[in-house]
Amino acid sequence: MGATGLSLVAVLGLTCGIAGADAPAPGVPATASPSAVPRLELDDSKVKVGGWAAVSITGMSSGWQAVTVTSPALKRPIRLTPRRPGASESKRYPYGTGGGLREEIPPWTYPMTATSDGRVVASANLTVTAPAPAEITRFVAGRTGTPLGVDDATPKVVVRPGVTIVVLLADVHAARNEDALTVKSPAFRMPLTIKTDSPDDPGCKCTDGTTVYAGHTALRPDLPAGTYRITVTSHHGQNTSTAELKVAGPPEGRSRPWLITGAVVLVLAGAGFTIRRSRRSKNVTPAP
């Protein structure tokens, strides 16, 4: 019994001694140190169709050179490189690398795959949402040099045939890669192209925060008085906006017919008076 008890105590003491050696010091929490696992991270997991996807990768093993990210949603693959020599991660937003999304794809959740040296190292999902619908705050037209405000443009004013007008459209959610739009009207001689950053943009404060398209054209000089529709299609053919332009009065640059007739009569009358006076002067006999 005594020998057995001593053996048991010795075993217990040895076991407790080993456990005590592995235990953390008082006040120091135990921490796990698992091996790093590559992770493909997105700065925004939801991006609109035609938008921009910024990605980065973390947890790469030492010595990695480059990672290529591919996805059916991307226009072209994205290449990621170490943030600095020996780093386990690539650069992150806003200094990271990203790629443009295709514009013809439907809203969906698309896979993104990261490969390095021919093998897949990480993956993620990107949710592509529908682009924001058009929000047209102003679609107006008026004479050049006018403010083109609510009370200074269609449908509040009346313009004359042949006059040069400015057409302006302001959109809160302008479509990506759409810097020019085509405006059509039976009042125009030909379709009008309005553009962003146009010198015809009057710079009204009421368009702050919007994308402004502007351009100018001359109305047909032979327009009968009436109201004419103006139409523009935006968002790559998905949105149509219309406005009305009121036309009345004589054509621009032409005088009124009765003024022209009166001027001719006055000229002829003056000429007749001059001729008669000249003839009378010839028939007068000088006094002796």
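All values reported here derive from a predicted model rather than from experimental measurement.
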Pairwise salt bridge (charged side-chain N to carboxylate O under 4.0 Å, His left out) hits with a residue in residues 81-90, at least two apart: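 Matches after skipping sequence neighbours: Arg84-Glu89.
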
Pairs flagged by salt bridge (charged side-chain N to carboxylate O under 4.0 Å, His left out) wherever residues 43-52 is involved - sequence neighbours left out: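 Sorted result for residues 43-52: empty, none.
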
Show the nearest heavy-atom pair for residues [X] and [Y], with the distance to one decimal.
X: Ala87; Y: Pro82; value: O-CB, 4.1 Å
X: Pro111; Y: Pro72; value: O-CD, 3.5 Å
X: Pro161; Y: Pro221; value: CB-O, 3.5 Å
X: Thr81; Y: Arg79; value: CG2-NH1, 3.2 Å
X: Ala225; Y: Ala248; value: CB-CA, 4.1 Å
X: Val163; Y: Glu252; value: N-CB, 3.7 Å

Any residue meeting side-chain contact (heavy atoms from CB on, under 4.5 Å) with Thr164, in chain and number order, not counting sequence neighbours: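 If we apply the side-chain contact (heavy atoms from CB on, under 4.5 Å) test to Thr164, skipping adjacent residues, the hits are Thr144, His216, Ala218.
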
Can you list everything that forms a side-chain contact (heavy atoms from CB on, under 4.5 Å) with Pro186? Sequence neighbours excluded, please.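 Residues passing side-chain contact (heavy atoms from CB on, under 4.5 Å) with Pro186: Tyr228.
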
CD1-OG1 distance between Ile230 and Thr242, expressed to the nearest 0.5 angstrom: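 Separation between the atoms: 9.5 Å.
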
How long is the gap from CD1 on Ile136 to OG on Ser241, to the nearest 0.5 Å?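 Interatomic distance, Ile136 CD1 to Ser241 OG, rounded to 0.5 Å: 4.0 Å.
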
Remaining members of hydrophobic cluster (4.5 Å side-chain criterion), Tyr110: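 Its cluster mates, by chain and number, are Leu40, Leu42, Val47, Val49, Val55, Ile57, Met60, Trp64, Val67, Val69, Leu74, Ile78, Leu80, Leu101, Ile105, Trp108, Met112, Val121, Leu126, Val128.
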
Donor-acceptor contact present, side-chain Ser198 to main-chain Asp200, <3.5 Å: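 Confirmed, Ser198 side chain pairs with Asp200 backbone.
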
List the steps, then state whether side chain to side chain contact (heavy atoms under 4.5 Å, CB included) holds for Thr231 with Val183. CA-CA 6 Å; Thr231 305; Val183 185; over 6 Å; no

Arg92: what forms a side-chain hydrogen bond (donor to acceptor under 3.5 Å, both in side chains) with it, not counting sequence neighbours?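 Applying side-chain hydrogen bond (donor to acceptor under 3.5 Å, both in side chains) to Arg92 gives Glu41, Ser56.
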
Thr97: side-chain hydrogen bond (donor to acceptor under 3.5 Å, both in side chains) partners, not counting sequence neighbours: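 Counting only residues at least two positions away or on another chain, Thr97 forms no side-chain hydrogen bond (donor to acceptor under 3.5 Å, both in side chains).
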
side-chain hydrogen bond (donor to acceptor under 3.5 Å, both in side chains) partners of residues 171-197, not counting sequence neighbours, each pair once: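 Residue pairs passing side-chain hydrogen bond (donor to acceptor under 3.5 Å, both in side chains), neighbours aside: Glu103-Asn177, Asp171-His235.
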
Does any pair with a residue in residues 114-131 pass side-chain hydrogen bond (donor to acceptor under 3.5 Å, both in side chains), and if so which ones, sequence neighbours excluded?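 Of all non-adjacent pairs touching residues 114-131, those that pass side-chain hydrogen bond (donor to acceptor under 3.5 Å, both in side chains) are Thr109-Thr127.
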
Checking Thr227 against Leu245 for the side chain to side chain contact (heavy atoms under 4.5 Å, CB included) test, could you report, in this order, the C-alpha distance in whole Å, the side-chain angles of both residues, the deciding distance, and whether it holds? CA-CA 6 Å; Thr227 301; Leu245 183 66; over 6 Å; no

Give the C-alpha distance, both sets of side-chain angles, the deciding distance and a yes or no for side chain to side chain contact (heavy atoms under 4.5 Å, CB included) between Leu168 and Tyr213. CA-CA 6 Å; Leu168 182 149; Tyr213 301 83; over 6 Å; no

Any side-chain heavy atom of Thr240 sitting closer than 4.5 Å to one from Val232?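 Of all side-chain heavy-atom pairs linking Val232 with Thr240, none is under 4.5 Å.
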
Under a 4.5 Å cut-off applied to non-hydrogen side-chain atoms, are Leu169 and Val212 in contact?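 Sidechains of Val212 and Leu169: no contact.
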
Those residues that, when tested against Arg229, pass salt bridge (charged side-chain N to carboxylate O under 4.0 Å, His left out) (two or more places apart):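 Not a single residue meets the salt bridge (charged side-chain N to carboxylate O under 4.0 Å, His left out) criterion with Arg229.
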
Can you name the residues that form a salt bridge (charged side-chain N to carboxylate O under 4.0 Å, His left out) with Arg102, not counting sequence neighbours?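 Per chain and number, Arg102 pairs via salt bridge (charged side-chain N to carboxylate O under 4.0 Å, His left out) with Glu104.
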
